[in-house]
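One structure is given below, encoded as structure tokens.
Both ligands and their constituent atoms are indexed starting at 1 by order of listing.
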Amino acid sequence: APRAFINGISVVIEPNDTILEAARRAGIFIPTLCEFAALNHRPGTCRICLVDIDRADGGHDIVTSCDTKIEPGMRIHTRTAEVRRRQRLQMELLFADHDENCSSCSRHGDCELQKAALWVGLEGSHISGKYLADRREDASAPAMRFDGRKCIRCLRCIEVCRRVQGPNVSALTLIDTGTGAQVGFRGADSWGASDVCIQCGQCSLVCPTGAISVRDQCCDVFDLLDDDSVTTVFQIAPAVRVAIAEAFGLPPGTNVEGKIVTALKRMGADYVMDTRWSADVTIMEEGTEILERLREAKAAGTLEKPFTYFTSCCPGWVNYVEKVAPDMIPHLSSTRSPQAIFSALAKTWMPKSRELDPKSIRVISIMPCTAKKDEAGRKLLERRPGEKDTDVVLTIREFTRLIRRTGLNLAELPDTAFDTPQMTLASGGAQLFATTGGVMEAALRTMSAITNQDPQPLPPFEDVRGARSIKETTVHLGDLGDIRVAVVHECANVAKVIDMVRKGTCPYHFVEVMACPNGCVGGGGTPRGRDIWKNNLGARQSAVYDIDARMPIRASHENPEVIRLYEDFLGAPGSRLAHELLHCTYED
Ligand code: HC0
Ligand code: SF4
């Protein structure tokens with residue numbers, strides 16, 4: 001194989017290798033900033049990854065290693081005095097147009113720009129902030145925040161939005177030119193006015209600085225915990241227990257459910273309960289709804305040419321339908337998400353069965369998701385004008401800050417059990433919600449058990465597992481016969497399915513869509529890292545399958561606390577009260 005030399009070390013060259021790639025494979029470090037390997041993104045805008053190449057005439061070329069092809073026999077040096085001098089100069093220029101107000105920055109303690117400054121050995125940037133262009137701050141969106149004065153124009157956010165959510169979303173774009181060039185919103189003056197942003201938060205996962213962050217609601221939670229007249233009810237999403245570990249130095253995918261409960265109890269939480277329970281309720285409502293639709297179709301003789309139904313629990317996906325594909329609204333299930341179902345029942349059934357004053361209850365959810373903040377504010381979920389069922393939503397990154405601000409280290413905490421079986425006891429199916437294919441698998445467990453009148457053994461639904469972008473399978477549902485389902489994650493991948501629905505050629509009866517890579521475990525509110533897509537999402541997904549396999553109850557309809565909810569309060573799935581509290585309409 002052809003070889004070149006980096007710092008005197010002989011390295012193997014593969015076809016189309018850049019100097020950076022060959023160096024990385026050989027374990028040789030070159031500092032980078034704008035580059036993002038998981039997206040194959042190297043815009044070459046930061047110019048930190050400089051290296052020195054020996055020329056035949058005895059001179060030297062200083063080039064950016066991320067976009068320079070490595071040639072056989074090349075002699076490359078990564079740390080010459082000239083390389084280091086120019087890297088420092090580049091950093092100084094970046095800081096000249098940067099608001100270096102680190103102590104109050106959302107990335108305090110976890111900033112890629114600071115890391116790059118350390119790598120290049122920056123010795124005081126004398127022009128820091130001296131050439132700050134006129135850049136905007138934007139707090140108009142429900143979940144996302146933008147501070148242009150922190151932006152270094154690496155363009156990762158633009159790229160991730162376009163690639164993960166597709167060209168129909170592509171909410172971020174480069175506006176203005178020259179030194180005033182900055183990230184802006186496609187077709188809108190502010191983030192809140194964007195007709196295409198679905199608030200998925202993927203952009204905040206890749207931003208190297210504090211330019212893109214999430215609306216921080218930690219203080220709202222401290223206020224509620226402080227208020228003696230308030231009963232705080234926390235709900236923990238299925239993905240949180242397997243996605244927070246790395247923020248406290250534990251291996252990705254470690255299940256820290258018991259430690260989360262302990263942390264919240266030490267903060268003074270009154271009740272700590274589980275969104276997995278209401279995920280089981282979602283399956284009862286959604287499963288009943290879909291089976292009814294399928295039975296109607298069978299009676300009308302239209303089952304062969306299916307009217308495709310989509311799941312509705314992912315708020316990024318619901319935003320996508322409303323904003324980008326409103327003609328799909330009739331295809332969305334009317335069942336609310338587990339977060340919304342939990343909150344509605346925490347304010348109605350819970351006070352009734354426990355003699356609490358419903359007015360005292362505040363629901364705080366801990367989610368892997370940024371769009372859940374948006375969902376919590378939906379007018380169409382209000383029972384009375386202005387009254388929200390979900391009071392505060394914290395992403396995992398905010399929850400991490402809340403734990404640190406309380407002076408706790410999650411990794412060192414003992415385990416505590418959730419408060420009660422009521423609104424907590426869950427099936428394995430509910431745990432599966434945390435990853436792509438999980439809502440479908442949980443729904444299939446219950447739908448196939450009901451229609452085939454043979455609840456055991458649990459049929460395997462391997463086809464909807466894993467991380468492929470579109471998965472499909474056929475299941476036999478009793479007298480309904482064979483039903484075709486599909487599972488999609490990342491909205492960029494759903495365009496094809498929507499296209500088929502529009503053309504009348506879609507073969508699927510029921511489709512699960514999750515906006516984020518790998519589903520909720522890859523949510524926009526999860527811990528960040530430059531290698532998360534490579535290293536962490538798979539571990540979180542395996543952990544989800546593992547927890548499910550060990551749970552004593554595997555299917556939602558077998559959950560005694562769900563059965564009790566219907567006996568005690570709602571009557572039956574799809575009842576009038578169930579419709580009032582657990583279903584919704586969408587914004588056209
Ligand atoms: Fe999810 Fe959910 S599974 S969207 O990814 O359906 O956020 O974890 O809480 O609501 O249960 C997120 C995760 C949830 C909801 C559930 C669904
Ligand atoms: Fe794009 Fe999601 Fe960021 Fe909106 S929140 S700009 S849709 S990546």
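Pairs engaging residues 422-448 under the ring-ring contact (aromatic ring centres under 6.0 Å, His included) rule: none recorded [sequence neighbours left out].
By the side chain to side chain donor-acceptor pair (under 3.5 Å) test, T395 is found to be paired with E398, residues two or more places apart in sequence or in another chain being considered.
Protein N/O/S atoms closer than 2.8 Å to atom 4 (Fe) of ligand 2: C197 SG.
In this structure, R136 forms no cation-pi arrangement with F146, as its terminal cationic atom is not both closer than 6.0 Å to the ring centre and no more than 45° off the ring axis.
The residues D270 and K265 are annotated as not salt-bridged, no charged nitrogen and carboxylate oxygen being separated by less than 4.0 angstrom.
Around atom CG of D195, no more than 12 heavy atoms belonging to other residues, nucleotides or ligands sit under 6.0 Å away. For D415, the CG atom sits in a packed shell: over 12 heavy atoms of surrounding residues, nucleotides or ligands are nearer than 6.0 Å.
In this structure, a donor-acceptor pair under 3.5 Å is absent between the side chains of N319 and Q199. A donor-acceptor contact closer than 3.5 angstrom is absent between the side chains of T311 and E512. Between the side chains of H331 and T308, not a single donor N or O lies within less than 3.5 Å of an accepting N or O.
Sorted by chain and number, the heavy-atom contacts of ligand 1 below 4.0 Å come from A237, P238, A239, T275, A279, C313, S337, P338, Q339, M367, P368, C369, K372, F433, C520.
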